[in-house]
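Report on the following structure.
Owing to the predicted nature of the structure, the values given are computational and were not obtained by experimental measurement.
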Amino acid sequence: MVRVCTACPRHPLPGSKLRCSDGDSDSRRAWPRAGAAVTPQAGAMAGGGAGAAKRLGTLLSGLLECGAFCGIIFGWASLVFVLKDLGYFKDLCQPTATPSPNRTLLPDCSWQDEQFSLVFTIGSFMNNFVTFPMGFIFDRFGTTVARLIAISLYTGGTLLVAFSTPELAVLLFPAMSMLSVGGILLLLTNMQVGNLFGKYRSIIITLYNGAFDSSSAIFLIIKVLYEHGLSLRAMFLFMAACSAWHLLRTLFLMPRTHIPYPLPPAYDYGYVAWLSVMQLRHYLFIGTLNPLLDHLARGDSHLVSTYTNAFAFTQLCGVLCAPWNGLILDRHKRGKNPRPEAPRPHALTPPPQMNLGLIAVVLVAFVSPVVVVCECRRRAKELGAAGTPLTAPPGSKTPAEMPQ
């Protein structure tokens, strides 16, 4: 029987009463007397059970894990440059009769580009498709089991890339899918770390999401090291060896089950259509960037490499930008209402009608934040008219609880 203890919202001060449940939906919550001994779940880091040093270690190690491993598939454009140079799917290139400006014949490698795009499409699809079954495994079996599965998938994916060759380029298909699934599962297990930091929970979660996006720079590092003489196999074998880091963190800095967090009153859920549109636009751009640059640069590999690096550096900025979303959420929950910022239009790029259509759909998707703001204002008016104060987040002090 799992015993979960959380701080009473009416007694947020240190040494306050705790609310405990045995995981039974029919059990009645009871508030023990002040000073009564309550034994938290073994290995749990919720509440005040873990020291500040341990919580900080968990936070920083999780940030490193998300920033160096979880979302590397989104640096695909940098890896494609290396794979093309090594001759992966090179047999799909066909001679063409169209002369280039310097009167040399350029091969038609559109089928090669399609294969690389297909590898990324399947991998990014798996990144989203498996979140439901992986989330079920995480909820049902806990953090340790979920992370062991993620580590196994991640290690297998890196080994497949390490031992792939141009003749065995087909190994890229399972490899990228395994890296994608293993990475997103590691991210899911790290999301709960935000529960350790109370009112800063949203900032921590968005910081981890930003680190997830910035991990795409790992393939940029691989590209740069490859250009300086390191082999693709050696680099991916090193990444496979880094799985020892994930294992040690699983055993010593993560809970066996979950880090608990009290569910807010009147909790609701809804559709993620807005997020899906944004991700579709993002994935399509990443998957088609390399052939687009090849076309615009007229086959100049040096120019393609330069712009590929520039794109990877912009992805690295995700870890700096994402926490602002969490800051806005945390300020809103504490009763501060920052001014909503106007959505910034996406810059149009020259490529095909599909991109233009998706940009239009993305702009329409910005209706979602406007709807959220209007709904929040409507509910605030209703509560104000009824004389009901806004519900304070757990751990915050109300005027009645302030020391006299």
Side-chain angles (χ1 to χ4, degrees), residues 69-94 107-134 137 149-188 212-213 215-216 218-223 226 231-240 242-243 246 276 279-280 282-294 308 311-312 315 354:
F69 301 97
C70 292
I72 62 173
I73 189 174
F74 298 110
W76 176 248
S78 298
L79 185 63
V80 165
F81 185 89
V82 176
L83 297 175
K84 277 189 173 182
D85 191 68
L86 290 172
Y88 282 67
F89 300 120
K90 187 70 174 180
D91 55 319
L92 298 178
C93 292
Q94 303 293 331
D108 178 12
C109 294
S110 58
W111 287 5
Q112 181 192 34
D113 292 330
E114 287 181 5
Q115 284 297 102
F116 282 126
S117 295
L118 185 59
V119 172
F120 175 76
T121 300
I122 294 176
S124 57
F125 168 78
M126 294 298 292
N127 181 275
N128 291 275
F129 178 75
V130 301
T131 51
F132 174 74
M134 291 297 103
I137 292 174
I149 294 174
I151 294 169
S152 300
L153 290 171
Y154 199 92
T155 306
T158 52
L159 290 176
L160 284 177
V161 178
F163 291 105
S164 67
T165 62
E167 294 74 25
L168 293 175
V170 69
L171 291 179
L172 293 176
F173 286 94
M176 290 301 114
S177 296
M178 293 170 72
L179 288 176
S180 179
V181 175
I184 193 65
L185 189 49
L186 287 175
L187 176 65
L188 289 176
F212 175 81
D213 293 335
S215 63
S216 58
I218 296 300
F219 280 169
L220 170 63
I221 296 174
I222 288 177
K223 173 181 174 293
Y226 170 79
S231 69
L232 186 69
R233 174 169 296 182
M235 289 185 283
F236 271 88
L237 285 176
F238 173 78
M239 292 180 65
C242 288
S243 295
H246 305 307
S276 299
Q279 286 183 322
L280 175 62
H282 185 207
Y283 296 166
L284 180 68
F285 183 79
I286 294 175
T288 60
L289 179 62
N290 188 266
L292 173 64
L293 292 178
D294 270 334
T308 300
F311 174 68
Q315 289 181 295
M354 182 182 296

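- The aromatic rings of Phe236 and Phe219 sit tilted relative to each other, their planes meeting at an angle between 30° and 60°.
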**Request:** Determine, stepwise, if the pair Arg233 / Thr165 fulfils side-chain contact (heavy atoms from CB on, under 4.5 Å).
**Result:** CA-CA 9 Å; Arg233 174 169 296 182; Thr165 62; 4.3 Å; yes
**Request:** Could you give me the CA-CA distance, side-chain angles and deciding distance for Phe120 and Ile73, then say whether side-chain contact (heavy atoms from CB on, under 4.5 Å) is met?
**Result:** CA-CA 8 Å; Phe120 175 76; Ile73 189 174; 4.2 Å; yes
**Message:** Using the rule given for ring pair (Phe, Tyr, Trp, His ring centres under 6.0 Å), can you reason through Tyr226 versus Phe81, listing the C-alpha separation, both sets of side-chain angles and the distance that settles it, and then say yes or no?
**Reply:** CA-CA 10 Å; Tyr226 170 79; Phe81 185 89; 8.1 Å; no
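- Ser124 places a side-chain N or O within 3.5 Å of a backbone atom of Thr121 that can act as its donor or acceptor partner.
- Residue Phe173 qualifies as enclosed at atom CZ: its count of foreign heavy atoms under 6.0 Å is above 12.
- For Phe238, there are no ring-ring contact (aromatic ring centres under 6.0 Å, His included) partners at least two apart in sequence or on another chain.
- For the salt bridge (charged side-chain N to carboxylate O under 4.0 Å, His left out) condition, no pair includes a residue of residues 151-163, sequence neighbours left out.
- Panel note: side chain Ser117, backbone Glu114; no donor-acceptor pair is recorded below 3.5 Å.
- Aromatic ring centres of Phe116 and Tyr88 lie farther apart than the 6.0 Å criterion allows.
- With contacts defined as side-chain heavy-atom distances shorter than 4.5 Å, the pair Val161/Leu171 does not qualify.
- In this structure a side-chain-to-backbone donor-acceptor pair under 3.5 Å is missing from Tyr154 to His246.
- The list of side chain to side chain donor-acceptor pair (under 3.5 Å) pairs with a residue in residues 179-188, not counting sequence neighbours, reads Asn127-Ser180.
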